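Not measured: the values here are computed from a predicted model. Below, chain A is the first sequence line, B the second, and so on; all start at residue 1.
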Amino acid sequence: MPQKRTHSPQLGLKPALRKLLQWFSSEKKDLPWRHDRTPYSVWISEIMLQQTVVSTVIPYFTKWMKKFPGIKQLARAPEREAMVLWEGLGYYSRCRNILLASRLITKKFRGKIPDHYEDLRSLPGIGDYTASAILSLAFRKPYPVMDANVKRIVQRLLALKNPDKKEEERTRSFLRKMLPVKQPGEFNEAMMELGQRICLPENPFCSRCPLKGRCLSFKSNLQNKIPQRKTSGIIGKRTRLLILCHGEKVLITQKQKGVLKGLWLFPAIPMKQACEDLIKKRIAKEFEQTAVLKPVSHHYTKYRDRLYPVMYKVSALHAAVDKEGKWVDRTALRRFPMPSAYRKIAALLSRP
DNA sequence: AAATCGGGGAT
DNA sequence: ATCCCAGATTT
């Protein structure tokens with residue numbers, strides 16, 4: 001005869017799992033990559049979704065699948081064409097890596113996306129998360145994913161307080177226990193959507209959570225203490241952009257390295273620096289400031305860069321400019337991939 | 001282990 | 001205005 005408990009009993013893992021899958025089957029959203037699911041569509045969507053919210057990805061995914069419906073079309077595409085589709089999505093190395101990987105898949109895997117963990121990990125841009133997502137969603141293999149949503153949920157379920165290496169392993173082993181071998185994809189998607197819609201970083205909707213009976217944080221009312229909020233550490237910058245007009249043409253330069261490699265930018269210098277000396281020395285003998293455009297903000301990670309575009313009309317060009325930059329007709333700017341902040345300025349220039 | 005890479009949605 | 005996101009790669 002079991003003794004009467006003072007606390008409410010914790011829900012077993014199996015019943016909790018059943019509730020989760022039930023919640024997902026009735027609440028899941030209709031997303032483009034959930035139609036006609038193939039290894040290719042899973043791969044592309046998962047890469048686009050890295051550090052990028054669902055609503056942002058949807059139009060990019062749709063455009064991409066229309067232009068590159070399969071790996072064959074992708075593998076023979078010039079990088080420029082792919083980058084134009086990616087423009088505005090951010091983290092541009094993801095796009096370069098997709099191109100690289102598509103060629104590797106063609107060459108080393110007979111044009112088929114591999115269905116083994118190590119093979120997937122060998123491809124550029126595919127880390128632990130993406131490999132597990134492809135294996136579970138596309139090939140129904142029992143690999144749990146650990147994205148930010150899943151980590152947050154398990155942290156709360158188990159009331160883990162400091163996210164370190166050890167707790168990450170706790171999380172992984174918990175997920176391996178919970179994951180239903182016959183429907184790993186459903187489980188992974190259910191967890192991610194739960195994190196996205198119920199188990200929010202702040203003020204989670206615990207009352208509507210199918211896992212609340214299994215959640216130690218909820219039981220102890222710690223759901224707003226776990227996980228700890230991290231301190232910001234934002235760093236602000238100010239940069240002046242030079243919009244140099246020569247006749248109908250504008251000067252842009254292509255990034256040669258870094259994450260923005262391959263993208264085109266207007267020449268930029270820190271605010272403090274005297275830009276007119278630079279123009280005189282490197283670009284043209286004669287110039288005249290013609291306008292000051294509205295600033296736009298360009299931000300990445302902890303940096304918040306405020307861009308101040310200034311237009312100059314230049315003449316008597318130095319010959320050396322062609323090496324680093326390109327004079328482009330204003331109406332042709334749209335054919336050169338740029339980060340969003342720069343695109344906003346380019347849009348102003350291309351209309352009269 | 002920590003830094004770095006974008007952009008925008010949500011609050 | 002601030003936090004965060006279906007992370008990967010480099011330092």
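With rounding to whole Å, A:Leu194 atom CG is found 14 Å from C:dC5 atom P. One interatomic measurement links the two molecules: CE of A:Met48 to P of B:dG6, which rounds to 16 Å at whole-angstrom precision. One atom, CD of A:Glu87, and another, P of B:dG6, lie 13 Å apart when rounded to the nearest Å. We find that CG of A:Asp147 is positioned 9 Å from P of C:dC5, with the value rounded to whole Å. Here the P atom of nucleotide C:dG7 and the CG atom of A:Asn149 are 7 Å apart, to the nearest Å. We find that OH of A:Tyr342 is positioned 12 Å from C1' of B:dG6, with the value rounded to whole Å. We find that CZ of A:Arg94 is positioned 11 Å from P of C:dA8, with the value rounded to whole Å. Look at CD on A:Glu189: it is 13 Å from P on C:dA6, rounded to the nearest Å.
Between A:Gln51 and the phosphate of C:dC5, there is no side-chain N or O to OP1/OP2 separation shorter than 4.0 Å. At least one side-chain nitrogen or oxygen of A:Arg152 sits closer than 4.0 Å to the OP1 or OP2 atom of C:dC5. Distances shown here put a side-chain N or O of A:Ser340 below 4.0 Å from the OP1 or OP2 atom of B:dG8. Side-chain nitrogen and oxygen atoms of A:Tyr60 include none within less than 4.0 Å of the OP1 or OP2 phosphate oxygen of B:dG7.
At the heavy-atom level, A:Asp128 lies under 4.0 Å from the strands shown only through sugar-phosphate atoms. Nucleic acid contact class of A:Arg197 (heavy atoms, under 4.0 Å, all strands): none. Among the protein residues, A:Ala133 comes within range of no part of the nucleic acid, since none of its heavy atoms lies under 4.0 Å from any strand. Nucleic acid contact for A:Ser45: none, since no nucleic acid atom lies under 4.0 Å from a heavy atom of the residue. Among the atoms of the strands shown, none is found under 4.0 Å from any heavy atom of A:Gly195.
The gap from the P atom of C:dA8 to that of B:dG8 amounts to 22 Å, rounded to the nearest Å. Comparing the same atom, C1', in B:dG6 and in C:dC4 gives a spacing of 13 Å after rounding to whole Å.
Under the side chain to side chain donor-acceptor pair (under 3.5 Å) criterion, A:Ser41 pairs with A:Thr38, sequence neighbours left out. By the side chain to side chain donor-acceptor pair (under 3.5 Å) test, A:Ser315 is found to be paired with A:Glu286, residues two or more places apart in sequence or in another chain being considered.
Considering CH2 of A:Trp43 and CG of A:Leu137, their distance stands at 15.5 Å, rounded to 0.5 Å. Atom-to-atom distance recorded for A:Ser217:OG and A:Ile153:CD1 is 12.0 Å, nearest 0.5 angstrom.
No side-chain heavy atom of A:Val145 sits less than 4.5 Å from a side-chain heavy atom of A:Tyr143.
No cation-pi contact links A:Arg94 to A:Tyr91, judged by a cut-off of 6.0 Å to the six-membered ring centre and 45° from its axis.
Near DNA chain C, meaning a heavy atom under 4.0 Å from it, residues 18-33 of chain A has A:Leu31, A:Trp33 in order of number.
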Shorter than 3.5 Å, N or O on both sides, protein versus nucleotides 9-11 of chain C: list them out with atom names.
residue: C:dT9; atom: OP1; partner: A:Gly125; partner atom: N; Å: 2.3

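Side-chain contact check for A:Tyr129 and A:Glu46: at least one donor-acceptor pair (N or O, by modelled atom type) lies under 3.5 Å. No side-chain N or O of A:Arg121 forms a donor-acceptor pair with one of A:Ser132 less than 3.5 Å apart.
Ranked by how close their nearest DNA chain C nucleotide is to the 5' end, A:Glu202 and A:Val54 are led by A:Glu202. Checking A:Thr52 against A:Lys165, the closest nucleotide of DNA chain B that is more toward the 5' end is the one next to A:Lys165.
Screening residues 21-45 of chain A for salt bridge (Lys or Arg N to Asp or Glu O under 4.0 Å) gives A:Glu27-A:Arg197, A:Lys28-A:Glu186, A:Arg34-A:Glu189, A:Arg34-A:Glu193, A:Arg37-A:Glu189 as the qualifying pairs, with residues at least two apart or on separate chains. Within the structure, every pair that satisfies the side chain to side chain donor-acceptor pair (under 3.5 Å) test and touches residues 57-66 of chain A, not counting sequence neighbours, is listed here: A:Tyr40-A:Trp64.
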